[in-house]
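Written out below as structure tokens is the structure these notes cover.
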Amino acid sequence: MTRPPIRWRALLFWLGTLAAVTAVMLAVRGNLDKAHVTLVLLLVVLGASAVGGRTVGVAAAIASFLVFNWFFLPPYYTFVIANPLDWLVLVAFLITGLVAAQLLYRAQEEARIARERSVEVDRLATLGAETLSVGSAEASLAAVTTVIRNSTGAAKCEVHLRGAQHSALVDWVLATGNAAAQQQDGTVHLHSARPTEAELRALETGVVLALLLPLQARERVVGVLRVESPQGLRLDPARWRFLDAISYYAALAVERAQLVADAERSEALRETNRLKDALLASVSHDLRTPLTTIKALAHDLSALGDERSEIIEAEADRLNRTVEDLLDLSRLNAGALQVRAEINSVDDLLGALVQRVEGSVGPHRLVVSLPPEAPLLLGRFDLVHSLRILANLVENAAKYSPPDQPIEIGVARHGSHVAVGVSDRGPGVTLGEEERIFDAFYRSSSVPDVGGAGLGLSIARRLAEAQQGSLEYGARPGGGSVFTLRLPAVDETALMKS
């Protein structure tokens, strides 16, 4: 704690007052008792302490002690005390005067601190009102920096956000969550998360040109507050407390700005997806009529013996499948695709799958494995949509697998789900793309282009999720891919009881 300055004018005034009071009491000394002198001199000491502070009050107490002894205790005009009991009077007077000066000083100091706290609270209340009344997150952050600059006397106040280009020192504060101070001698002093008492005393001397504080919200660093002054920062304890408290407002303003930016980006993406879905639905619907016409003309050309009709019809069928995929994708996004989940046998699903894909797997051999001596596997799923999912997976495996490698289909019961896995020996999926392959229109650059719009896996996963199931990718040991479709299982015993 710093010592209070000596108020020389107040000291001279009260010493003069003591002299005047002494002169008056000397004129009537014969009519005064020691108690009268004590009370009058104590009044002088209290007045000096109340107006001049502790130092002036202590000086007045000591001077009154000497005046009491010199002028009002016999023998007069000496410091000799004839009556030993007068020592008790003098010592009691001196102690009372010193204690009174100290108590008044403490009361005044507490009142001063209370006033400073009140001012700080008013500043924070003003800041809160200003930040809440502004219309945008950027304006809120600007209001916080303006209040900091005006309250601390800094020439410049900046807030550095994550994701932008910064100096190495700002990046260090963002990474570590600690403070840093740039000093006038060109050195950089690194602090802990908040400066220590010794470092705070340095902030009062003006040796620090810039102070960088981490802005923390919800236990994470969201930005850096940089307060700068070319003449050096002079942050006394009151200003530092205010800066420390207001930095939390700055952190909240930064977080608000980031949340607003994220919300705007999300809204833009939602609007983009909505427009894309609307466009897909419109274009897909409009393409169905000309495709029907093309197929009819191809059929007429086939009747005339034109061999090109087969190619036209095959390509029309391919385009028609793409249009159907686009329509289904738009229905899935809109939640309009109907799913009828019923109790079905997995054996029936696999039998229908073999019949559907036997003409599209080419030279590949289809191997279906069922658990030996296992009870009949039942599930609650939409047979048509589940068949479409598995057919898509088998056809994809046929596109990417070597001709001499089989496509394997395995079935197993895993808890409350039935798992159907489709395995191949193709090139697999590049690390980091395991989830992206399920995005609509995504085409991996690491595998050969085999045609298609990149919609099959996206639609398959959406269809699985619509049946309370899932579709996942896994790397096959030794190379290749394993796509696993999980569907809700039904216990045969529970079915018989019901």
Side-chain angles (χ1 to χ4, degrees), residues 321 324-325 328 337-426 428-429 437-438 452 455-478 480-496:
R321 287 193 298 271
E324 290 292 338
D325 288 342
D328 288 343
L337 188 66
Q338 294 184 354
V339 176
R340 295 183 176 88
E342 300 174 344
I343 298 177
N344 293 288
S345 167
V346 177
D347 290 355
D348 293 341
L349 174 62
L350 295 181
L353 174 65
V354 173
Q355 293 179 1
R356 176 165 177 173
V357 301
E358 61 181 354
S360 59
V361 295
H364 297 282
R365 185 164 54 93
L366 198 62
V367 179
V368 180
S369 302
L370 295 174
E373 300 180 359
L376 182 66
L377 292 178
L378 300 175
R380 188 179 297 276
F381 53 86
D382 187 307
L383 182 62
V384 175
H385 290 325
S386 299
L387 177 61
R388 181 179 179 183
I389 295 171
L390 292 176
N392 179 277
L393 297 178
V394 172
E395 291 170 357
N396 275 352
K399 291 178 183 178
Y400 294 107
S401 295
D404 57 342
Q405 294 294 326
I407 299 172
E408 301 176 7
I409 301 175
V411 182
R413 172 73 181 267
H414 293 160
S416 60
H417 287 81
V418 176
V420 182
V422 179
S423 306
D424 62 58
R425 287 296 181 184
V429 176
I437 59 174
F438 294 100
L455 296 174
L457 289 178
S458 177
I459 294 175
R461 170 171 275 190
R462 301 261 188 111
L463 289 174
E465 292 173 349
Q467 303 175 75
Q468 307 301 316
S470 64
L471 179 61
E472 300 173 354
Y473 164 81
R476 185 178 184 182
S481 303
V482 179
F483 287 89
T484 304
L485 170 65
R486 287 183 171 84
L487 297 170
V490 176
D491 293 328
E492 185 177 2
T493 57
L495 182 62
M496 293 176 62

Close side-chain approach of Phe483 and Asn396, heavy atoms under 4.5 Å
no
Does Asp424 reach the main-chain N or O of Ser481 with its side chain, forming a donor-acceptor pair under 3.5 Å?
yes
Residues Ser386, Phe381; criterion side chain to side chain contact (heavy atoms under 4.5 Å, CB included); working and verdict
CA-CA 7 Å; Ser386 299; Phe381 53 86; 3.4 Å; yes
Just so I know, are the side chains of Leu376 and Ser345 near enough to count as touching, which here means a heavy-atom distance under 4.5 Å?
yes
Check: Ile389 and Gln467 side chains under 4.5 Å, non-hydrogen atoms
yes
Flag, side chain of His385 to backbone of Gln338, donor-acceptor distance under 3.5 Å:
yes
Any side-chain heavy atom of Ile409 sitting closer than 4.5 Å to one from Leu353?
yes
So, do Leu349 and Leu390 sit near enough that their side-chain heavy atoms are less than 4.5 Å apart?
yes
Counterpart residues, salt bridge (Lys or Arg N to Asp or Glu O under 4.0 Å), relative to Glu408 (two or more places apart):
Arg476
For side chain to side chain contact (heavy atoms under 4.5 Å, CB included), just list the numbers for Val354 and Leu366, CA-CA rounded to whole Å, side-chain angles, deciding distance to a tenth of an Å, and then say yes or no.
CA-CA 8 Å; Val354 173; Leu366 198 62; 4.1 Å; yes
Could you give the distance from CG (Leu350) to CG (Leu387), rounded to the nearest 0.5 Å?
10.0 Å
Taking all atoms of both residues into account, what is the closest heavy-atom pair of Arg461 and Leu471, and its distance?
NH2-O, 2.9 Å
If you define the side chain from C-beta out and look only at heavy atoms, does anything of Val490 sit under 4.5 Å from Asn344?
no
Determine, for Arg413 against Asp491, whether the closest basic-nitrogen to carboxylate-oxygen distance falls under 4.0 angstrom.
yes
At their closest point, which heavy atom of Ser401 faces which heavy atom of Gly426, and how far apart are they?
OG-N, 3.9 Å
With a 4.5 Å cut-off on side-chain heavy atoms, are Leu487 and Arg380 touching?
no
Val482 versus Ser423, closest heavy-atom pair with distance:
CG2-OG, 3.5 Å
Could you list the residues that satisfy salt bridge (Lys or Arg N to Asp or Glu O under 4.0 Å) with Glu472, not counting sequence neighbours?
Arg486
Using only atom types and a distance under 3.5 Å, with no angle test, would you say the side chain of His417 pairs donor to acceptor with the backbone of Gly379?
no
Does the side chain of Leu463 come within less than 4.5 Å of Arg388's, by heavy atoms?
yes
Provide the closest heavy-atom pair for Asp382 versus Val384 in the form atom of the first, atom of the second, distance.
OD1-N, 3.0 Å
Hey, mind stepping through Thr484 and Val420 against side chain to side chain contact (heavy atoms under 4.5 Å, CB included) and telling me if it holds?
CA-CA 6 Å; Thr484 304; Val420 182; over 6 Å; no
Can you list every pair that meets salt bridge (Lys or Arg N to Asp or Glu O under 4.0 Å) and has a residue in residues 357-366, with sequence neighbours left out?
none
Taking His364 for its side chain and Gln405 for its backbone only, find out whether a donor-acceptor pair lies under 3.5 Å.
yes
